[in-house]
J.: 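Input: one structure, supplied below.
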Amino acid sequence: MIIWDLLCDLRDNFSVLLQVNTTGAMDEEGVCHCSVALPDNTFPADRLEILEISNKDLSISVQNEITKIQSYKATLTGYLQKLTNLTRRVEVMEMGGISYTELDFELLKLEIKEMETLVVKLRESFDGSNTLIDALYVEVHNISVMVSQLESYDKNNVLAVRREIAALRKKLEDCQKNQESPVSPPINYGTCSHGGIVNISKPFVVQLNWLGFPYKFGGWGKDSYSGANQDMHWVAPLNTDGRMMNTLRFYPTYDNLLLYKGATEKVLTRTLAYNNYDYSNCGQGGGIIMFNNSLIYNCYNTRDICKLNVDTNGVERKTLTDATFNNRFSYASSIWQDIDLASDEDGLWVIYSTEQNSGNIVISKVNPLTLTVEKTWQTSQYKPGATNAFMVCGVLYATRTLSTRKEEIFYMYDTKTNQEGQISIILDKMMENVQSLTYNPNDHKLYMYNDGYLVTYTLAFKSLPNPA
């Protein structure tokens, strides 16, 4: 519109210039004298200059847009080619031309879906802006992050083997540097022929729980009864309020756990008449343990201990006398976990607090058949001062937070000697909060529920001196 107005003004000024008034007369000597009266309007030289500058800028802008369109066209062609190549790879895999794992199918199909989304957006938003390109880069980055997270799904354990090789090479180098170091004795799972925990491995992140990021509270693991089937894995995310355990899954193998398939799902809520619900068999908090084919946990909204038979779905319950509940004395980083079930080489335990012990940790040995308390120990460690706790060979170990990425096993209580004390064993965390921590004597591992992620640690124990 600015250029059009300039042209119109220029036309009008030229018309005025042509409409001049002239007069003339001849003097006595016969010489003609003429006069011209010009109009008051002057020629708009300044506006003509603006017109020339605007026209030049417009030409440059048009050229830039043409260059962007050519760039978008090249980008679109490249992603269409990539999409075609990916489609061909999937077709070859599905026809059996190449041996891939099921995970390869999932990753490729996911990548194709993302590429398709990008192409559609690029076509529909062909407006020459940079917004689309920024979104494109974000999508590609997200794909890269997702692939990294899904590395642990590798069914053939190719990546795991590579990591193991790297770890073994590092151990070999360490051995060469410390040739005089004593050789570690063979590991005897299920026994207590050691002197307690001396170290802990780096965290091994298995995966995110099947319900996703919002379900940050819960528990998981394997059957911790000595000699039990170690193929089955259970995962029990709590509701997003961090309180109720209503739905849980049992995976028959580790591969099934990685691929989220083949699970047996159990719902503990019972539907009553008139759209009412019975939550009495549901769990409360992340203090859950699987022991001898039964899931044992704190019954919802009570101080009772529930035992769910995995095969029959029958639920037994027993009141834990004097135990506080309903978030009275829970752990520092895990709400609603007033009653925390645990197990080790010696059997089944429950970790809790009482008003009589001023909120300090109380340890009770529990009969796994009747759920009755056989013996109780009172400690001086304030339960809300710890982030979690677990049992190993009759010894309670409690943890506390050092930072968002560091946790410390700082306290122990030996039920055999009634001795307690301070220790310091540092463990790394992937996420900030520890919602559940249980020990399995069948593999000497800790199973952590870490802000929704399923994580394991391997414990190292002190060797006992050789008998004389």
Side-chain angles (χ1 to χ4, degrees), residues 163-164 167-168 170-172 174-175 177-206 220-228 230 289-291 340-349 351 361 363 365 377 379 381 386-400 402 406-429 434 436-450 454-468:
R163 294 191 184 102
E164 287 295 328
L168 289 174
K170 179 64 168 59
K171 289 180 181 179
L172 179 60
D174 293 341
C175 287
K177 295 178 181 177
N178 306 281
Q179 292 181 357
E180 297 181 358
S181 298
V183 179
S184 299
I187 299 175
N188 296 318
Y189 295 114
T191 69
C192 295
S193 56
H194 55 73
I197 302 174
V198 293
N199 205 350
I200 190 169
S201 70
K202 295 292 184 180
F204 179 81
V205 182
V206 177
W220 83 289
K222 299 188 293 185
D223 195 328
S224 56
Y225 178 71
S226 293
Q230 294 300 291
I289 198 77
M290 186 173 180
F291 190 86
D340 185 14
L341 279 301
S343 64
D344 64 3
E345 292 82 355
D346 293 340
L348 184 64
W349 304 82
I351 304 166
I361 291 177
I363 310 166
K365 186 73 168 60
W377 296 261
T379 76
Q381 174 58 46
T387 54
N388 227 282
F390 58 94
M391 300 292 298
V392 177
C393 289
V395 179
L396 170 84
Y397 294 91
T399 62
R400 65 183 175 189
L402 297 182
K406 297 287 184 181
E407 198 85 359
E408 179 187 34
I409 302 175
F410 76 102
Y411 173 83
M412 60 175 291
Y413 184 97
D414 192 336
T415 60
K416 294 181 176 65
T417 63
N418 295 328
Q419 298 296 313
E420 60 184 343
Q422 299 290 318
I423 59 175
S424 180
I425 300 174
I426 308 301
L427 58 138
D428 296 327
K429 300 180 293 185
V434 177
S436 177
L437 194 61
T438 59
Y439 169 70
N440 190 326
N442 294 292
D443 54 15
H444 289 179
K445 288 185 178 181
L446 292 179
Y447 289 80
M448 178 188 289
Y449 197 95
N450 186 201
L454 314 183
V455 184
T456 62
Y457 297 85
T458 300
L459 297 179
F461 297 99
K462 181 179 179 181
S463 300
L464 293 175
N466 294 325

J.: Hey, is the main chain of Asp428 close enough, under 3.5 Å, to the side chain of Tyr457 for a donor-acceptor pair?
T.: yes
J.: At their closest point, which heavy atom of Lys445 faces which heavy atom of Thr458, and how far apart are they?
T.: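 Closest approach of Lys445 to Thr458, heavy atoms only: CE-OG1, 3.7 Å.
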J.: So Tyr189 and Gln230, side chain to side chain donor-acceptor pair (under 3.5 Å) or not? Walk me through it.
T.: CA-CA 13 Å; Tyr189 295 114; Gln230 294 300 291; over 6 Å; no
J.: Which pair of non-hydrogen atoms, one from His194 and one from Cys393, has the smallest distance, and what is that distance?
T.: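 Heavy atoms only, the tightest pair is NE2-SG, 3.5 Å.
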J.: Side chain to side chain contact (heavy atoms under 4.5 Å, CB included) with Asn199: which residues, sequence neighbours excluded?
T.: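 Counting only residues at least two positions away or on another chain, Asn199 forms a side chain to side chain contact (heavy atoms under 4.5 Å, CB included) with Ala460.
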J.: Can a donor-acceptor pair be found between the side chains of Thr387 and Glu407 at a distance below 3.5 Å?
T.: yes
J.: When you compare the side chain of Trp349 with that of Asp344, does any pair of heavy atoms fall below 4.5 Å?
T.: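 Yes, at least one pair of side-chain atoms sits under 4.5 Å.
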J.: Hey, what do you get for CZ (Phe390) to CG (Asn388), rounding to the nearest 0.5 Å?
T.: 9.0 Å
J.: Do Val395 and Tyr413 have side chains that approach each other closer than 4.5 Å (heavy atoms only, starting at C-beta)?
T.: no
J.: State, to 0.1 Å, how close Ile361 and Thr379 come at their nearest heavy-atom pair, and which atoms those are.
T.: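 Reported closest heavy-atom pair: O-OG1, 2.8 Å.
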J.: Run the side chain to side chain contact (heavy atoms under 4.5 Å, CB included) test against Ile423 and tell me which residues pass, sequence neighbours left out.
T.: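 Applying side chain to side chain contact (heavy atoms under 4.5 Å, CB included) to Ile423 gives Tyr397, Ile409, Met412, Ile425.
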J.: Taking atom CG of Leu446 and atom CG of Leu427, what is their separation to the nearest 0.5 Å?
T.: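 That separation rounds to 8.0 Å.
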J.: Compute the centroid of each ring, for Trp220 and then for Tyr447, and state whether the two points are separated by less than 6.0 Å.
T.: yes
J.: Are Glu408 and Thr399 linked by a side-chain donor-acceptor pair shorter than 3.5 Å?
T.: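 No, no side-chain donor-acceptor contact under 3.5 Å.
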J.: Looking at side-chain heavy atoms only, is the closest gap between Pro203 and Met448 below 4.5 Å?
T.: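 A side-chain contact under 4.5 Å is absent here.
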J.: Is there a side-chain contact between Tyr439 and His444, using heavy atoms and a 4.5 Å cut-off?
T.: yes
J.: Kindly give the heavy-atom pair with the smallest separation between Leu464 and Ser193, and that separation in Å.
T.: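 Smallest heavy-atom distance, with atoms named: CD1-C, 3.6 Å.
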J.: I need the minimum non-hydrogen distance between Phe291 and Ser224, along with the two atoms involved.
T.: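 The answer is CD1-OG, 4.0 Å.
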J.: Counting only N and O atoms by type, is there a donor-acceptor contact under 3.5 Å from the side chain of Thr415 to the main-chain atoms of Gly394?
T.: yes
J.: Minimum heavy-atom separation for Asn442 and Asp223, please, with both atom names.
T.: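 Nearest heavy atoms, Asn442 then Asp223: ND2-O, 3.4 Å.
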J.: List the steps and the verdict of side-chain contact (heavy atoms from CB on, under 4.5 Å) for Leu348 and Lys365.
T.: CA-CA 6 Å; Leu348 184 64; Lys365 186 73 168 60; 5.6 Å; no
J.: For Lys202, is the NZ atom crowded, meaning more than 12 foreign heavy atoms sit under 6.0 Å from it?
T.: no
J.: Give, for atom CG of Asp414 and atom CH2 of Trp377, the distance between the pair rounded to the nearest 0.5 Å.
T.: 10.0 Å
J.: Asp443 and Lys222: salt bridge (Lys or Arg N to Asp or Glu O under 4.0 Å), yes or no, with the steps?
T.: CA-CA 10 Å; Asp443 54 15; Lys222 299 188 293 185; 3.1 Å; yes
J.: Can you tell me how far CG of Leu459 sits from CD1 of Ile197, rounded to the nearest 0.5 angstrom?
T.: 4.5 Å
J.: Quick one: does Leu396's side chain get under 4.5 Å of Gln381's, heavy atoms only?
T.: no
J.: Would you say Tyr411 has more than 12 foreign heavy atoms packed within less than 6.0 Å of its OH?
T.: yes
